[in-house]
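Okay, structure first, notes after.
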Amino acid sequence: MQKPIATWLLICCVMVFAMIVVGGVTRLTDSGLSIVEWQPIVGTMPPITQEDWDVLLEKYRSSPQYQKINKGMSVAEFKNIFWWEYFHRLLGRLIGIVFFVPFVYFLVKKSIDRSLGIKLTGIFILGGLQGFMGWYMVMSGLVNDPHVSQYRLTAHLGLAFVIFAAMFWVALGLLTPQSEHSRLNEKIQSLRRFSYSLTSLIFIMILSGGFVAGIRAGLAYNTFPLMNGHLIPPDLFILEPWYRNFFDNITTVQFDHRLIAWLLAFLVPLFWFKARKAELSGTTRLACNLFLIMLVVQISLGITTLLQVVPIHLAASHQGGAVLLFAASLWVSHRFRETSKVGQV
């Protein structure tokens, strides 16, 4: 029953990928604050009648976003932002159902051992926490400032990637034959540590992207490779205390995101070159090649998005590319974790 369980988890991964992309569009279209209540059950039903829309719009009129930004918005205009947030929340509920129902089924069929059961229970708990975190994020924009906190946004984004990573990693473990497990030789062990470090760095870059999105840092310094003619812009540390610059200063936040991208642009090809010299299986070599290709695609998307001043379709593609790059790095890390007796992976 391992392959059916792995397939189910991979389907959930695809849904989380879609959730992250839709969430990005929701943020880019300023739709995230259009629903001012958290109703996990009742909120599943969409508005149907004109009276339903009037009630929802009236509730939205009490929000800071309406009063300070969208005052006078018509019902037709409100619908444009409402549907993105509605489908984002609906997709979150659907993921919960698609995860929970098969989980219970596999438990009843006794197809899940204790170790796997603990892992899957942990993932389910993280999913519930993510729903709460989403509402906690929205709440930050319903008080005075009609924008969500970049700290809560980044936490929400980071948790989504943690959930994706957990499901993807468990699925990879189920698809890897136990006979391939063995001790590591020195070269493979070095590559494994390198791959883990790259995966960690990509996750840090994703978090930095959350801050870029949260304070709209992508709308500034729309030049590349220099930042408005500067290799190191002069406004990196204009806020006090100094550490606030890493989270609240548009210049510093974008500079950090670029810096991590430059590091990856150097380190991932270096890793790929080292991996080419190792004795690898075809599957692991394919994973390494896809990792390098996804890095090129993602950096290209990031540069294009910046130069075009963050159009929605490119920005959403860039966010989706982050998921695929992260998945590629996880696959590579997992391949180097599973070794064969002859030192191949």
Side-chain angles (χ1 to χ4, degrees), residues 12-13 15-47 52-53 55-70 73 78-101 103 121-167 206-207 209-216 247 316 319 323:
C12 290
C13 285
M15 295 182 70
V16 172
F17 167 78
M19 181 78 168
I20 291 172
V21 173
V22 172
V25 176
T26 300
R27 172 184 51 80
L28 290 162
T29 55
D30 291 321
S31 303
L33 300 176
S34 60
I35 302 178
V36 298
E37 296 177 318
W38 190 34
Q39 298 174 313
I41 306 300
V42 180
T44 304
M45 293 298 298
D52 293 337
W53 283 110
V55 170
L56 287 170
L57 180 56
E58 188 59 34
K59 292 178 179 179
Y60 177 63
R61 284 174 178 152
S62 65
S63 71
Q65 187 182 64
Y66 176 85
Q67 295 172 3
K68 296 182 179 181
I69 299 176
N70 293 330
M73 174 178 277
F78 174 66
K79 289 180 180 180
N80 290 332
I81 63 172
F82 173 87
W83 283 122
W84 279 114
E85 175 64 6
Y86 172 78
F87 283 121
H88 184 56
R89 296 191 185 193
L90 186 64
L91 186 55
R93 296 180 177 103
L94 183 60
I95 292 172
I97 294 172
V98 171
F99 186 91
F100 181 71
V101 173
F103 182 31
T121 300
I123 293 172
F124 183 72
I125 292 172
L126 286 176
L129 179 62
Q130 176 70 334
F132 171 77
M133 180 59 71
W135 175 243
Y136 182 64
M137 176 189 69
V138 169
M139 284 176 59
S140 66
L142 298 177
V143 185
N144 296 313
D145 185 5
H147 299 97
V148 299
S149 162
Q150 67 267 33
Y151 298 96
R152 300 187 191 185
L153 173 67
T154 302
H156 187 51
L157 178 67
L159 187 53
F161 275 85
V162 168
I163 293 170
F164 176 89
M167 291 193 297
I206 289 165
L207 296 181
F211 282 102
V212 169
I215 62 174
R216 301 179 182 275
F247 313 107
Q319 186 150 323
V323 184

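Starting from 1, each residue takes its place in the sequence as its number. What you see is a predicted model, and the numbers here were worked out from it, not measured in a lab.
Comment: K59 does not engage D52 in a salt bridge, judged by the lack of any side-chain N to carboxylate O separation of less than 4.0 angstrom.
Residues S62 and Q67 come closest through the heavy atom pair O-NE2, 3.4 Å. The two residues I206 and L157 make their nearest non-hydrogen contact at O-CD2, 3.7 Å. Counting all heavy atoms, side chain and backbone alike, G96 lies closest to F124 at O-CE1, 4.5 Å. In terms of heavy-atom proximity, C13 sits nearest to M167 at SG-CB, 3.7 Å. Across all their heavy atoms, H88 and G23 have their closest contact at CE1-CA, 3.3 Å.
Counting only distance, with no hydrogens or angles, the side chain of R89 and the backbone of I35 share a donor-acceptor pair below 3.5 Å. In this structure, the side chain of E85 does not engage the main chain of L33 through any donor-acceptor pair within 3.5 Å. Side-chain atoms of S140 come within 3.5 Å of backbone atoms of S149 as a donor-acceptor pair (strictly under, hydrogens ignored). Here the side chain of K68 pairs a donor or acceptor atom with the backbone of N144 at under 3.5 angstrom. Here the side chain of R152 pairs a donor or acceptor atom with the backbone of Y136 at under 3.5 angstrom.
Note that OH of Y60 is 13.0 Å distant from CH2 of W53, once rounded to the nearest 0.5 Å. Rounding to the nearest 0.5 angstrom, the gap separating the CE atom in M73 from the CG atom in N80 is 8.0 Å. Taking NE2 of H147 as the start and CG of L153 as the end, the distance is 12.0 Å to the nearest 0.5 Å. Here NZ of K79 is found 13.5 Å from OG of S34. Values are rounded to the nearest 0.5 Å. Taken from CE in M137 to NE2 in H156, the straight-line distance is 4.5 Å, to the nearest 0.5 Å. Summarising the geometry, atom CD1 belonging to I95 is positioned 4.5 Å from atom CG belonging to L91; distances are rounded to the nearest 0.5 Å.
Within 6.0 Å of the OH atom in Y151, the count of heavy atoms belonging to other residues, nucleotides or ligands exceeds 12.
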Run the side-chain contact (heavy atoms from CB on, under 4.5 Å) test on R61 and L57 for me, step by step, so that the C-alpha distance in whole Å, both residues' side-chain angles and the decisive distance to 0.1 Å come before the verdict.
CA-CA 6 Å; R61 284 174 178 152; L57 180 56; 3.4 Å; yes
Verdict with reasoning, I215 to Q150, per side-chain contact (heavy atoms from CB on, under 4.5 Å):
CA-CA 6 Å; I215 62 174; Q150 67 267 33; 3.6 Å; yes
Is there a side-chain contact (heavy atoms from CB on, under 4.5 Å) between M139 and W38 once you walk through the steps?
CA-CA 10 Å; M139 284 176 59; W38 190 34; over 6 Å; no
Go through the steps to decide whether F103 and I123 satisfy the test side-chain contact (heavy atoms from CB on, under 4.5 Å), and finish with yes or no.
CA-CA 11 Å; F103 182 31; I123 293 172; over 6 Å; no
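Ring orientation note: the planes of F211 and F247 are tilted relative to one another, at an angle of 30° to 60°. Ring orientation note: the planes of Y86 and F82 are close to parallel, at an angle under 30° on the 30°/60° scale.
Between F17 and F164, the gap from one ring centroid to the other reaches at least 6.0 Å.
Counting only heavy atoms from C-beta outward, the side chains of V98 and L94 approach each other to under 4.5 Å. In this structure, the side chains of P64 and V143 stay at 4.5 Å or more apart for every pair of heavy atoms. Counting heavy atoms from C-beta on, the side chains of D30 and I81 never come closer than 4.5 Å. Residues I20 and F161 meet the side-chain proximity criterion, which asks for heavy atoms closer than 4.5 Å.
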